[in-house]
2 protein chains.
Amino acid sequence: MNSIKNILRNSSLRPTKQRIMIGKLLFNDTNKHVTAESLYRELKASEQKISLATVYNTLHDFCEKKLLKKVNVDAEKVYFDTNTNPHHHFYSDSEKLLIDISKDKIKIHGLPKAPKGKKIKDVELIAHLSDS
Amino acid sequence: MNSIKNILRNSSLRPTKQRIMIGKLLFNDTNKHVTAESLYRELKASEQKISLATVYNTLHDFCEKKLLKKVNVDAEKVYFDTNTNPHHHFYSDSEKLLIDISKDKIKIHGLPKAPKGKKIKDVELIAHLSDS
DNA sequence: CAACAGATTAGAATTATTCTAAACTGAGAT
DNA sequence: ATCTCAGTTTAGAATAATTCTAATCTGTTG
Ligand SMILES: [Mn+2]
Ligand SMILES: [Mn+2]
Ligand SMILES: [Zn+2]
Ligand SMILES: [Zn+2]
């Protein structure tokens, strides 16, 4: 109920009406992959008064505070992932649908070391799905 | 010299001036990762007369004919990869730079089977780089 | 409550990309 | 070589996701 407020406070984000609305949709549910538009539609469907710009602002704020992770899998739009632990994805290009793959299911061997002056920040694996 | 023409003919693409210009830039060189804009700039830098729409058209045509592969790694823009063999990438988000990782360097174990009705078309791994 | 930094907002702007519809051109047929 | 036409190119308009602007509002702190 007010755990959302705590999440926000712990991240030095003011618990405003809009951030709480979004927080409820994102963090009460199990893991979700949303886009700015899908979240905006979900908010409007529940009679919430919010602007699209705020949805974008909030998603970006949440990302900066590591409450969300950006997923770039499709050029059309950016996905935001409530699962911030390292993990991988199936992606259905036709349905535009992301499905988590638990990190510890998968073992990756032989990754070369990063070019000098660089380090590997994150390894993401995307298994693209097609019908049949 | 006319191997580009052959590549185009073999793909049932008319060897027009514009496609040959682009083919030379893409297929004579070693593996390249370009965006529509970067390729357009490269063409204009060499005094070539071509429109941006044609660059987009040609990149898409080349993709359909499997002469190029699309890489979605950054929400900003789409990359086109002259390396059409399955392989993986380093990506430097700060420099917007893709680096190939040979497929056979890397072994991936434990990939779950695709959801029913779906199959895995392609597995791509992206190792995001940061400074230091 | 007063004050103000931080947040929200509508709408304009930006950017990559796609679309449109008219002009052009490569290649096969005559 | 010329004719013909489907395929291609093109400029510019349109689209769509996202960002920006600058005015208004609100949560928090004193
Ligand atoms: Mn886009
Ligand atoms: Mn975009
Ligand atoms: Zn996920
Ligand atoms: Zn590559």
Side-chain angles (χ1 to χ4, degrees), chain A residues 2 4-25 33-44 47-65 67-68 70-80 93 96 98, chain B residues 2 4-25 33-44 47-65 67-68 70-80 93 96 98:
Chain A
N2 79 347
I4 302 288
K5 280 194 183 179
N6 290 332
I7 291 172
L8 294 172
R9 289 227 176 76
N10 291 337
S11 297
S12 324
L13 291 171
R14 267 198 217 168
T16 62
K17 268 193 291 296
Q18 293 81 353
R19 283 173 178 164
I20 290 165
M21 281 163 23
I22 291 177
K24 279 181 183 164
L25 286 181
H33 303 98
V34 303
T35 65
E37 276 292 343
S38 79
L39 185 54
Y40 184 57
R41 282 197 307 273
E42 201 178 347
L43 287 158
K44 285 200 307 194
E47 313 287 335
Q48 309 277 20
K49 157 66 162 121
I50 195 170
S51 77
L52 181 57
T54 299
V55 173
Y56 275 102
N57 290 340
T58 301
L59 288 171
H60 291 149
D61 294 343
F62 284 9
C63 272
E64 274 170 18
K65 298 307 168 70
L67 300 174
L68 288 177
K70 229 178 277 215
V71 182
N72 285 316
V73 70
D74 193 307
E76 304 288 305
K77 43 188 52 157
V78 174
Y79 288 83
F80 295 87
D93 291 82
K96 310 280 181 197
L98 277 169
Chain B
N2 80 346
I4 302 288
K5 280 194 182 180
N6 291 332
I7 291 173
L8 294 172
R9 289 226 175 76
N10 291 337
S11 298
S12 323
L13 291 171
R14 267 199 215 165
T16 63
K17 269 192 290 296
Q18 292 83 351
R19 284 172 177 163
I20 290 165
M21 282 161 24
I22 291 177
K24 279 181 184 164
L25 286 181
H33 303 99
V34 302
T35 65
E37 276 292 345
S38 80
L39 185 54
Y40 184 57
R41 283 197 306 272
E42 202 177 345
L43 287 158
K44 286 201 305 193
E47 312 287 335
Q48 310 275 17
K49 157 73 163 116
I50 195 169
S51 77
L52 180 58
T54 299
V55 174
Y56 275 101
N57 289 340
T58 301
L59 288 172
H60 292 148
D61 293 344
F62 284 8
C63 271
E64 274 170 17
K65 297 309 168 70
L67 299 173
L68 288 177
K70 228 178 279 217
V71 182
N72 284 316
V73 70
D74 193 308
E76 304 289 302
K77 42 188 53 158
V78 173
Y79 288 83
F80 294 87
D93 292 80
K96 309 280 180 198
L98 277 168

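Below, chains carry the letters A, B, ... as their sequence lines are ordered, and counting in each starts from 1. Atom set for the values below is all heavy atoms of this structure, side chains included, hydrogens, waters and symmetry mates excluded. Computed from a predicted model, the values in this text were never measured in an experiment.
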Want to settle it: does Val78(B) or Thr58(A) sit nearer the 5' end of DNA chain C, counting the closest nucleotide to each? Thr58(A)
Indicate yes or no: at least one non-hydrogen side-chain atom of Ile22(A) is less than 4.5 angstrom from one of Phe62(A). yes
Any base atoms under 4.0 Å from Thr16(A), or only sugar-phosphate, or nothing? Heavy atoms, all strands. sugar-phosphate
Do any side-chain nitrogens or oxygens of Lys17(A) fall under 4.0 Å of OP1 or OP2 in dG27(D)? yes
Would you tell me if any nitrogen or oxygen in the side chain of Gln18(B) comes within less than 4.0 Å of OP1 or OP2 on dT10(D)? yes
When you measure from the side chain of Thr58(A) to the backbone of Thr54(A), do you find a donor-acceptor pair of N or O atoms at a distance under 3.5 Å? yes
Nucleotide nearest Ser51(B) when distance is taken to its side chain, options dT28(D), dT8(C), dT10(D): dT10(D)
For Tyr79(B), enumerate each residue passing the ring pair (Phe, Tyr, Trp, His ring centres under 6.0 Å) test, keeping only those at least two apart in sequence or located in another chain. none
Ignoring backbone atoms, test whether Lys49(A) places a side-chain nitrogen or oxygen under 4.0 Å from the OP1 or OP2 oxygen of dC25(D). no
Using a 4.0 Å heavy-atom cut-off to protein, can you give one letter per nucleotide of nucleotides 2-7 of chain D, 5' to 3': B if the base is in contact, S if only the sugar-phosphate is, - if neither? ----BB
Nearest to the side chain of Ile50(B) - dA16(C), dT10(D), dT9(C)? dT10(D)
Arg19(B) side chain reached by Asp61(B) side chain, heavy atoms, under 4.5 Å: yes
All N/O pairs under 3.5 Å across the protein-nucleotides 18-20 of chain C interface:
from: dT18(C); atom 1: OP2; to: His60(B); atom 2: NE2; distance (Å): 3.2

